[in-house]
Amino acid sequence: RKHYAMREMKKLQKTAGGQNEELLRDTYIEVDLDKLAANVVMIKDMVGPEVAITAVIKANGYGHGAWQIAQSIMDAGADYLAVATLTEALELREHAIDAPILIMGHTPDRLLHHVAEQGLTQTIFSLEQAKLLNELAEGCGRKVKVHIKVDTGFHRLGKMPSADYLAEIQKICRLPHVEAEGIFSHLALVNQEENEKQYRMFTDFLEELSAAGCSFRYRHIADSIACVDYPQYRMNMVRPGALLYGMRGYHIGYLPVEQCLTFKTAVSELHEIEAGEGVSYDFLWKAGRKSLIATLPFGYADGYPRNLRDKGYVTINGQKAPIVGVICMDQCMADVTDIAGVQCGTEAGIYGTIESAEKLFLQQEMVPVAERGEIQKGKAVIRCYVNGEVENYDILVTDIDDSGQEINKGLVIEITDQRLLDATGGIIQGMSGSPILQNGKLIGAVTHVFVQDSAKGYGIFIENMLSNLSA
């Protein structure tokens with residue numbers, strides 16, 4: 001992709017406000033708004049027009065920057081935004097995000113006036129809070145929307161279905177200045193049996209509420225995983241979170257969402273060390289040979305897990321460079337002995353898809369999901385936002401079944417360097433034999449590549465994928 005953050009004499013970033021500013025660090029996160037929007041569209045197409053999408057952008061938009069991505073998500077077709085806390089909701093309002101916002105967590109009574117004043121939608125599970133919101137809404141001259149939480153076994157927020165809770169919800173629905181717009185629960189996703197048990201408990205309670213005169217515009221229980229794996233649980237609203245950002249946590253269904261975040265840095269210094277010399281605190285890593293060590297200006301303060309010492313890696317010039325020695329607060333070191341052409345200023349990919357003209361690597365599972373969440377939440381890291389002016393080429397992995405029909409494997413690898421394309425339609429050199437990975441696992445290798453002209457430009461197709469390769 002054409003980067004607004006360019007490694008030149010003067011480095012620029014394109015901020016969410018659209019202004020170019022000097023990039024003050026070599027370590028930064030780049031968020032591709034086009035990919036994010038495409039993910040929203042894919043989810044919308046998957047669930048259909050009758051199902052509303054509540055896009056979950058809590059925890060600073062899973063590290064992507066909540067207010068910076070919110071408008072792109074809404075423009076792509078989301079119906080609602082969801083956050084965990086009042087502070088997250090107010091930050092969105094402060095940045096002129098006027099979309100409907102659901103606060104999924106608890107808001108203390110003393111702070112509920114902000115909900116009424118800012119036109120937010122609050123999760124509640126008690127008549128007491130509903131009455132307080134009713135009073136506050138009357139004072140603001142508007143109705144306050146609420147979504148009622150039902151506990152079906154997750155035991156986090158909400159009350160279990162009961163006659164008492166039904167009576168309580170009936171009273172909430174009768175309050176003149178409160179609109180009980182939605183009702184929802186959350187699946188523990190233990191197994192299909194437990195999922196069905198929770199779903200049935202929820203829908204049975206909804207039937208009882210309906211018989212008692214309570215109706216809700218939105219009914220929802222499906223998160224990212226459930227809305228892909230269990231279409232029968234989508235009801236009329238889904239709450240995709242990780243799925244929006246290209247994290248594929250599903251196990252049964254499939255949706256080819258793409259990661260829209262890359263975490264990058266640049267080599268700040270190189271050290272030639274002898275065999276036996278140590279690196280970083282306590283010399284917990286020592287060189288087994290004469291080595292070239294690159295210092296990189298990022299560390300655990302940026303959200304990079306410190307326990308990735310001697311396990312994590314960065315990608316430099318299309319090759320993996322292992323992190324060596326204890327990871328420092330704002331710096332770490334990588335072994336680049338076997339990588340040609342490394343110098344001060346050479347770009348290093350920390351997380352995401354990193355490409356070079358010679359080789360393509362897909363780094364979807366560099367670290368476990370829990371740890372990559374920490375990477376994305378590092379608020380000290382500069383975030384750049386790109387869209388438009390894109391030179392983008394995709395590789396679509398296909399195979400042929402026994403009847404001769406083409407099977408789309410669904411794995412899309414992105415090629416971003418024009419030099420990889422032969423505009424005359426010839427063979428792309430250097431791709432044959434390249435590995436194909438999905439979720440960090442080797443699933444095949446490229447055996448033939450050709451370029452085909454299409455209405456949208458040049459499409460690159462890989463045929464005869466060798467699947468199910470063993471390690």
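Count residues from 1 along the sequence.
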Is it the case that the side chain of [X] and the backbone of [Y] share a donor-acceptor pair, with hydrogens and angles ignored and the cut-off at 3.5 Å?
{"X": "R309", "Y": "G325", "answer": "no"}
{"X": "R248", "Y": "V257", "answer": "yes"}
{"X": "D79", "Y": "I53", "answer": "yes"}
{"X": "D151", "Y": "F154", "answer": "yes"}
{"X": "T337", "Y": "L292", "answer": "yes"}
{"X": "R239", "Y": "D223", "answer": "no"}

- Message: Going by ring-ring contact (aromatic ring centres under 6.0 Å, His included), name the residues that satisfy it together with Y281, two or more places apart in sequence or in a different chain.
- Response: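 Result, ring-ring contact (aromatic ring centres under 6.0 Å, His included) vs Y281: none returned.
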
- Task: Run the numbers on V279 and H271 for side chain to side chain contact (heavy atoms under 4.5 Å, CB included), then give the verdict.
- Result: CA-CA 10 Å; V279 171; H271 297 266; over 6 Å; no

- Query: With a cut-off of under 6.0 Å to the ring centre and 45° to the axis, is K159 in cation-pi contact with F125?
  - Reply: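 Judged by the rule (NZ or CZ under 6.0 Å from the ring centre, within 45° of its axis), K159 is not positioned above F125.
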
- Message: Assess whether a salt bridge exists between D335 and K320, defined as any Lys/Arg side-chain N lying under 4.0 Å from an Asp/Glu carboxylate O.
- Response: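 No, this pair does not count.
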
- Message: Looking at D302 and R25, is there a salt bridge between them, counting it only when a charged N and a carboxylate O are closer than 4.0 Å?
- Response: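 Looking at D302 together with R25, the answer is yes, because their closest N to O distance falls below 4.0 Å.
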
- Query: V238 and side chain to side chain contact (heavy atoms under 4.5 Å, CB included): which partner among L243, V47, T54?
  - Reply: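 With V238 as partner, side chain to side chain contact (heavy atoms under 4.5 Å, CB included) holds for just one option, V47.
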
- Message: Could you go through T123 and L102, starting from their C-alpha distance and side-chain angles, then the distance that decides it, and tell me whether this counts as side chain to side chain contact (heavy atoms under 4.5 Å, CB included)?
- Response: CA-CA 7 Å; T123 293; L102 169 64; 3.7 Å; yes

With sequence neighbours excluded, what pairs up with [X] under the side-chain hydrogen bond (donor to acceptor under 3.5 Å, both in side chains) test?
{"X": "N195", "result": "Y230"}
{"X": "T152", "result": "S185, Q198"}
{"X": "H147", "result": "E181, H220"}
{"X": "T85", "result": "T87"}

- Message: Would you say that more than 12 heavy atoms from the other residues, nucleotides or ligands in this model lie under 6.0 Å from the CE of M329, or not?
- Response: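 Atom CE in M329 is not crowded, with 12 or fewer foreign heavy atoms closer than 6.0 Å.
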
- Side-chain donor-acceptor pair present, T121, Y80, cut-off under 3.5 Å: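 Yes - a donor-acceptor pair under 3.5 Å links their side chains.
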
- Indicate whether the side chain of H114 and that of Q118 have a donor and an acceptor atom separated by less than 3.5 Å.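 No donor-acceptor contact under 3.5 Å links the two side chains.
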
With rounding to the nearest 0.5 Å, note down the distance linking [atom1] in [X] to [atom2] in [Y].
{"X": "L90", "Y": "E117", "atom1": "CG", "atom2": "CD", "answer": "9.5 Å"}
{"X": "K311", "Y": "N307", "atom1": "NZ", "atom2": "CG", "answer": "4.5 Å"}
{"X": "R156", "Y": "H186", "atom1": "CZ", "atom2": "NE2", "answer": "5.0 Å"}
{"X": "E30", "Y": "C260", "atom1": "CD", "atom2": "SG", "answer": "11.0 Å"}
{"X": "K197", "Y": "Q192", "atom1": "NZ", "atom2": "CD", "answer": "14.0 Å"}
{"X": "H64", "Y": "L261", "atom1": "NE2", "atom2": "CG", "answer": "4.0 Å"}

Residues two or more places apart in sequence or in another chain: which of them pass side-chain contact (heavy atoms from CB on, under 4.5 Å) with [X]?
{"X": "A66", "result": "I57, N60, L92"}
{"X": "D75", "result": "Q71"}
{"X": "E193", "result": "N191"}
{"X": "F283", "result": "K286"}

Answer whether the closest heavy-atom distance between the side chains of [X] and [Y] falls below 4.5 Å.
{"X": "E274", "Y": "R289", "result": "no"}
{"X": "S268", "Y": "C344", "result": "no"}
{"X": "I221", "Y": "L187", "result": "yes"}
{"X": "C332", "Y": "Y304", "result": "no"}
{"X": "M235", "Y": "F184", "result": "no"}
{"X": "K264", "Y": "Y28", "result": "yes"}
{"X": "M46", "Y": "V228", "result": "yes"}
{"X": "Y62", "Y": "V56", "result": "yes"}

Indicate the atoms forming the closest heavy-atom contact of [X] with [Y], along with that distance.
{"X": "D229", "Y": "G253", "answer": "OD1-N, 2.7 Å"}
{"X": "L244", "Y": "N39", "answer": "O-ND2, 2.8 Å"}
{"X": "R93", "Y": "I101", "answer": "NH1-CD1, 3.2 Å"}
{"X": "S291", "Y": "W285", "answer": "OG-CH2, 4.4 Å"}
{"X": "G345", "Y": "A266", "answer": "O-CB, 3.8 Å"}
{"X": "I124", "Y": "A130", "answer": "CD1-CB, 3.7 Å"}

- Item | Set of salt bridge (charged side-chain N to carboxylate O under 4.0 Å, His left out) partners for D310, sequence neighbours left out |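 Here no residue qualifies.
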
- Query: Given I29 and T262, is the side chain to side chain contact (heavy atoms under 4.5 Å, CB included) satisfied, shown in steps?
  - Reply: CA-CA 6 Å; I29 284 172; T262 50; over 6 Å; no

- Which ring-ring contact (aromatic ring centres under 6.0 Å, His included) pairs, counting each pair once, include a residue from residues 314-333, with sequence neighbours left out?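 As it turns out, there is no ring-ring contact (aromatic ring centres under 6.0 Å, His included) pair with a partner in residues 314-333 once direct neighbours are skipped.
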
- Task: Please report the C-alpha distance between I73 and L36 in whole Å, then the side-chain angles of each, then the deciding distance to 0.1 Å, and finally whether the side chain to side chain contact (heavy atoms under 4.5 Å, CB included) criterion is met.
- Result: CA-CA 7 Å; I73 288 173; L36 179 64; 3.8 Å; yes

- Item | Pairs touching residues 101-111 that satisfy side-chain hydrogen bond (donor to acceptor under 3.5 Å, both in side chains), sequence neighbours left out |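 Of all non-adjacent pairs touching residues 101-111, those that pass side-chain hydrogen bond (donor to acceptor under 3.5 Å, both in side chains) are T107-Q122, D109-Q129.
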
